[in-house]
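Notes to accompany the following structure.
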Amino acid sequence: ETEKKLNLVDSSIRDISLNVEKIGIESEQLKKEILCESKILIKSIEERQERLFCQIDDISKEKVKELSTQLNDLQSRRSKILSFLEYINNTIKNTSYQTNDSSHEFFC
């Protein structure tokens, strides 16, 4: 009776040992698969990140070009306004001189 129980315990211990060994092998296999999948994911993320950086760079260049065009347009408008103001100023001066000359002649 005791021997039967010992044999049963030995059998159970062997089964448990085999299961532990099997679990260890499966665990190693899962580690390798996870590592492989992780490397694939990391590479995919790096490629996507590179594409996004390129897109951001393209957008930045496009925005700089757009802002540069707007700046040039504003500078051109500013120049035209300054020219117009100078013209008005000169016209006022000329009119003032003519008026002063006329009034001087008038009073003389």
Side-chain angles (χ1 to χ4, degrees):
E1 182 77 26
T2 306
E3 193 158 321
K4 276 186 177 182
K5 287 182 181 179
L6 285 175
N7 284 341
L8 190 57
V9 168
D10 281 346
S11 176
S12 293
I13 289 172
R14 275 193 299 274
D15 287 347
I16 290 171
S17 293
L18 287 174
N19 284 336
V20 167
E21 190 177 324
K22 193 175 176 183
I23 289 170
I25 292 170
E26 289 174 356
S27 174
E28 285 300 314
Q29 185 70 24
L30 285 173
K31 280 185 199 176
K32 289 177 184 176
E33 288 177 20
I34 289 170
L35 183 62
C36 184
E37 289 295 321
S38 296
K39 287 179 181 177
I40 291 170
L41 281 173
I42 288 170
K43 182 148 177 76
S44 173
I45 289 169
E46 287 172 347
E47 288 171 354
R48 185 154 189 250
Q49 186 179 22
E50 184 63 31
R51 285 193 306 271
L52 286 173
F53 283 145
C54 289
Q55 288 176 347
I56 288 170
D57 190 44
D58 289 346
I59 290 170
S60 296
K61 287 177 183 174
E62 198 173 299
K63 194 66 178 171
V64 165
K65 187 176 179 182
E66 179 184 324
L67 290 173
S68 177
T69 301
Q70 289 177 3
L71 178 63
N72 288 339
D73 184 47
L74 288 173
Q75 287 174 334
S76 173
R77 289 179 185 184
R78 178 182 176 270
S79 176
K80 288 176 183 176
I81 290 170
L82 286 174
S83 294
F84 182 69
L85 289 174
E86 188 176 333
Y87 167 77
I88 290 174
N89 191 31
N90 287 337
T91 302
I92 290 171
K93 282 181 184 176
N94 288 339
T95 305
S96 173
Y97 291 143
Q98 288 174 359
T99 306
N100 285 342
D101 288 346
S102 297
S103 60
H104 180 71
E105 287 176 10
F106 178 76
F107 289 115
C108 289

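Reckoned from all heavy atoms, side chains included, excluding hydrogens, waters and symmetry mates.
With sequence neighbours left out, the side chain to side chain donor-acceptor pair (under 3.5 Å) criterion links Lys4 to no other residue. Contacts of Glu28 classified as side chain to side chain donor-acceptor pair (under 3.5 Å), with partners at least two apart in sequence or in another chain: Lys31. In this view, Leu35 and Lys39 satisfy the side-chain contact (heavy atoms from CB on, under 4.5 Å) rule, not counting sequence neighbours. Taking Glu37 as the reference, nothing meets the salt bridge (Lys or Arg N to Asp or Glu O under 4.0 Å) condition, with sequence neighbours excluded. The side-chain contact (heavy atoms from CB on, under 4.5 Å) check on Glu46 picks up Ile42, with sequence neighbours excluded. For Lys63, the salt bridge (Lys or Arg N to Asp or Glu O under 4.0 Å) test picks out Glu66, with sequence neighbours left out.
Here Ile81 is tied into one hydrophobic group with Leu85, each link being a pair of ILVMFWY side chains closer than 4.5 Å. Under a 4.5 Å side-chain heavy-atom criterion applied to ILVMFWY residues, the cluster that includes Leu82 comprises that residue alone.
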Can you give me every donor-acceptor pair (side chain of residues 12-23, partner residue at least two apart or in another chain, under 3.5 Å) with its distance?
residue: Ser12; atom: OG; partner: Leu8; partner atom: O; Å: 3.0
residue: Ser17; atom: OG; partner: Ile13; partner atom: O; Å: 3.0
residue: Asn19; atom: ND2; partner: Asp15; partner atom: O; Å: 3.3

Donor-acceptor contacts, no H, no angles, side chain residues 48-60, under 3.5 Å, sequence neighbours left out:
residue: Asp57; atom: OD2; partner: Lys61; partner atom: NZ; Å: 3.3
residue: Ser60; atom: OG; partner: Ile56; partner atom: O; Å: 2.9

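In this structure, Ile45 CD1 and Ile40 CD1 are separated by 12.0 Å, a value rounded to the nearest 0.5 Å.
For the pair Thr69 (side chain) and Lys65 (backbone), a donor-acceptor distance under 3.5 Å is present.
Atom CD of Glu3 sits in a sparse spot, with 12 or fewer heavy atoms from other residues, nucleotides or ligands closer than 6.0 Å.
Among residue pairs with one or both ends in residues 71-87, those qualifying as side-chain hydrogen bond (donor to acceptor under 3.5 Å, both in side chains) are Asp73-Arg77; sequence neighbours excluded.
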